[in-house]
Amino acid sequence: MGASALTFSTNRHGQRVIAHAWPHDAPGCRAIQAELTQHIVTHDDFGPVATLGGIDIGFEDGGRTTRAAAVVLDAETLEIIERALVRVPTRMPYIPGLLSFREIPGALAALDQLAQRPDLVFVDGHGIAHPRRLGVATHLGLVTGLPTIGVAKKRLTGSHDEAPSGRGQWTPLRDKDDIIGAVLRSRVGVKPIFISSGHRVALDSGIAWTRRALTRYRLPETTRAADKLASNR
DNA sequence: GCGACAG
DNA sequence: ATCTTGTCGC
C-alpha cells in the first residue's frame, strides 16, 4: 500500500533517472507531479560543459501530430553540431500547468535520435517557476537525468518587478518568499525572458549559461536553433 | 464566483 | 502552439 508511482534507475551515463506512468487525465498528471517534486535538485550537479542542448516542440495537423526538435551546439562557438526532428502522435491537449505531459514524449524521441547527449540542456518553457515546481524543463531533467534550464517567453506563475533595462540584467521572479526564477533582459528594448532551474542546475548557473548562449537576439542560440527545426523553417 | 493561465 | 500580410522602425 502507499506504493510510489515512481521507479528509479541509473542510466548508462551514471545519471539517476525516474520513470513513471503517463496518465491522460489531469488529476493523474497532478498526482505524478506531487511525487516528482520530492526529487528536484536545484543546485549544480553536472560535469564539464562542452556541448549545449536545445529542445522545442511544434505541432501540425491541428495539433494531432507533435514535432519535436533536439539540437546540440558547441558550448564555446555556439555552432550547431547536430540536430534531430521527430514526429509522434499528440497524446494530451495543452492544459496550463501540465505542459510537460504533452511535450515530453516527443522530446524524449528527439533526444533518442541524437548520437550524443548534450552536457546541459535548455528547454523551451519553465523549470521550477511553476505552481507545483514541475515545469517542462524540470520534468524532462528528472526523467532523463540531464541537467536542464527552463527558458520561457512568458510568465506562468510568480510575481516580479519590471526587469532592469540593461542587457543581461535581471530581477527575481518570486512566489511567496521563494525566488523561483529570473526575469532577464536578454536584449535591450524587448520583452524579458524567464529563466529558472530545471533540474541539477542552480538559478545563478542557469542565468550564466543563458548569457553565454545569447548573441544578438532575445532568445539563446540553443532555443533558436531548436525553434527553427520544430517550426519547420 | 472571478481571473490567470508556459507551449 | 497555430491561424495569417503587411507594415512600422532600426
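Below, chain A is the first sequence line, B the second, and so on; all start at residue 1.
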Quiz item: Contact class for A:Y94 (heavy atom, under 4.0 Å): base, sugar-phosphate, or nothing?
Solution: base

Quiz item: Distance check: side-chain N/O of A:R155 vs OP1/OP2 of B:dC5, anything under 4.0 Å?
Solution: yes

Would you tabulate the nitrogen or oxygen pairs shorter than 3.5 Å linking the protein to nucleotides 6-9 of chain C?
none

Quiz prompt | Contact under 4.0 Å: A:K153 side-chain N or O vs C:dA1 OP1/OP2 | solution = yes

Practice problem: May I ask you to say what A:G135 touches in the nucleic acid, namely base, sugar-phosphate or nothing, with a heavy-atom cut-off under 4.0 Å? | Solution: base

Quiz item: Taking the six-membered ring for Trp, are A:H130 and A:H139 ring centroids under 6.0 Å apart?
Solution: no

Self-check item: Note, A:F8 side chain near A:R16 side chain (heavy atom, < 4.5 Å)
Solution: yes

Quiz item: Considering only heavy atoms from C-beta outward, does the side chain of A:V151 approach that of A:P220 to under 4.5 Å?
Solution: yes

Practice problem: Quick one: label A:G62 by what it contacts on the DNA or RNA (base, sugar-phosphate, nothing), any heavy atom closer than 4.0 Å. | Solution: nothing

Practice problem: With heavy atoms under 4.0 Å as the rule, sort A:I104 into base, sugar-phosphate or nothing. | Solution: nothing

Quiz item: Do A:D175 and A:R133 sit within salt-bridge range, that is, some charged N less than 4.0 Å from a carboxylate O?
Solution: yes

Self-check item: Plane angle bin for A:W22 and A:F101 - parallel if under 30°, tilted between 30 and 60°, otherwise perpendicular
Solution: perpendicular

Quiz item: Does any residue of residues 204-223 of chain A have a heavy atom under 4.0 Å from DNA chain B, and if so, which ones, in number order?
Solution: none

